[in-house]
Amino acid sequence: MLFRSDESFTKELHRAQRKPEPVGVLMMDLDHFKSVNDEYGHDAGDAVLRAVAAQIQKEVRVEDIACRMGGEEFVLIMPGISQEHLEKRAAQMVRTFPELRITHNGRQLKPVTVSMGLATFPQHGADAESLLRAADTALYASKHAGRNRYSVSEPPMQPAAVPVGG
């Protein structure tokens, strides 16, 4: 992850613990991005990444932190957002990205779709690592379910209480 996001994410989690308030994590991956590079070339892939980044900037609030994780994967850290509102934002973005009209060298590229995984503090994790892992697991669930959608992480399993002495 980018340096700024590591530091900012940790600060936001500490703030959320003190208040207390939720923090949403939205991890997104561009669907079939390799085929864009294969069909149109890497310059076109770069144009897609720039267009997606510009759209993400339009979608985020001032207090949100948007980062490129590498390749075609992005993460949004959204302080103070409930899981319900995080899901509404994700649903809106899933609808918005295919509407982007991206051209490169005078040629309109195929529509972009995204798969997303959502996790919220404290329901899905207590630290940055566990939240990112939860969002990543949910992201892969979206991909396995057919892409161009979002999935919400499952809360971590809590150990069952076992009565002593039967």
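Just so you know, these numbers use all the heavy atoms, side chains as well, and skip hydrogens, waters and symmetry mates.
- Contact check on Arg61 versus Asp64 returns a salt bridge, with a Lys/Arg side-chain nitrogen under 4.0 Å from an Asp/Glu carboxylate oxygen.
- The hydrophobic cluster containing Val112 also contains Val36, counting ILVMFWY residues as joined when their side-chain heavy atoms lie under 4.5 angstrom apart, directly or transitively.
- His42 contributes atom NE2, which lies 11.5 Å from atom CG of Leu49 (distance to the nearest 0.5 angstrom).
- Across Glu73 and Asp136, no two heavy atoms sit closer than the pair OE2-OD1, 4.0 Å.
- Using a 4.5 Å cut-off between side-chain heavy atoms of Ile, Leu, Val, Met, Phe, Trp and Tyr, with links allowed through other members, Val94 and Val60 fall into the same hydrophobic cluster.
- The two residues Ala90 and Leu26 have their closest heavy-atom pair at CB-CD1, 4.0 Å.
- Rounding to the nearest 0.5 Å gives a distance of 11.0 Å between NE2 of His104 and OH of Tyr40.
- Salt bridge present: Glu39 and Lys110 bring a charged side-chain N and a carboxylate O closer than 4.0 Å.
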Stepwise side chain to side chain donor-acceptor pair (under 3.5 Å) test for Ser35 and His32: CA-CA 6 Å; Ser35 68; His32 305 293; 5.5 Å; no
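- What you find for Leu131 and Ala119 is that their closest heavy atoms are O-CB, 3.7 Å.
- The same ILVMFWY cluster, assembled from side-chain heavy atoms under 4.5 Å apart, contains both Tyr150 and Val52.
- For the pair Ser142 (side chain) and Arg147 (backbone), a donor-acceptor distance under 3.5 Å is absent.
- Using a 4.5 Å cut-off between side-chain heavy atoms of Ile, Leu, Val, Met, Phe, Trp and Tyr, with links allowed through other members, Phe33 and Phe74 fall into the same hydrophobic cluster.
- Residues Gln57 and Ala66 share a closest heavy-atom pair of OE1-CB, 3.7 Å.
- Residue Leu118 holds its CG atom at 9.0 Å from OG of Ser153, rounded to the nearest 0.5 Å.
- When all heavy atoms of Pro98 and Asn148 are compared, the closest pair comes out as CG-OD1, 4.1 Å.
- Note that OG of Ser115 is 12.0 Å distant from CZ of Phe97, once rounded to the nearest 0.5 Å.
- Residues forming a salt bridge (Lys or Arg N to Asp or Glu O under 4.0 Å) with Glu21 (at least two apart in sequence, or on another chain): none.
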Verdict with reasoning, Met28 to Ile56, per side-chain contact (heavy atoms from CB on, under 4.5 Å): CA-CA 10 Å; Met28 83 175 63; Ile56 289 170; 3.9 Å; yes
Steps toward side-chain contact (heavy atoms from CB on, under 4.5 Å) verdict (Val114, Asp29): CA-CA 6 Å; Val114 294; Asp29 190 73; over 6 Å; no
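- Across every non-hydrogen atom of Thr103 and Gln108, the tightest pair is CG2-CA, 3.9 Å.
- Atom SG of Cys67 is separated from atom CE of Met27 by 10.5 Å, given to the nearest 0.5 angstrom.
- Between the side chain of His85 and the main chain of Ile81, no donor-acceptor pair closer than 3.5 Å is present.
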Audit row: Lys88, Glu84, side-chain contact (heavy atoms from CB on, under 4.5 Å) steps and yes/no: CA-CA 6 Å; Lys88 286 179 182 179; Glu84 177 185 354; 3.5 Å; yes
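- The environment of CD in Glu154 is sparse: at most 12 heavy-atom neighbours from other residues, nucleotides or ligands sit within 6.0 Å.
- For the pair Lys143 and Asp31, the salt-bridge criterion is met [side-chain N within less than 4.0 Å of a carboxylate O].
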Full working for side-chain contact (heavy atoms from CB on, under 4.5 Å) between Met93 and Leu76: CA-CA 12 Å; Met93 285 189 264; Leu76 301 178; 3.8 Å; yes
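- Atom CZ of Arg50 is separated from atom CD1 of Ile102 by 10.0 Å, given to the nearest 0.5 angstrom.
- The same ILVMFWY cluster, assembled from side-chain heavy atoms under 4.5 Å apart, contains both Met116 and Met78.
- Comment: Glu99 does not engage Arg95 in a salt bridge, judged by the lack of any side-chain N to carboxylate O separation of less than 4.0 angstrom.
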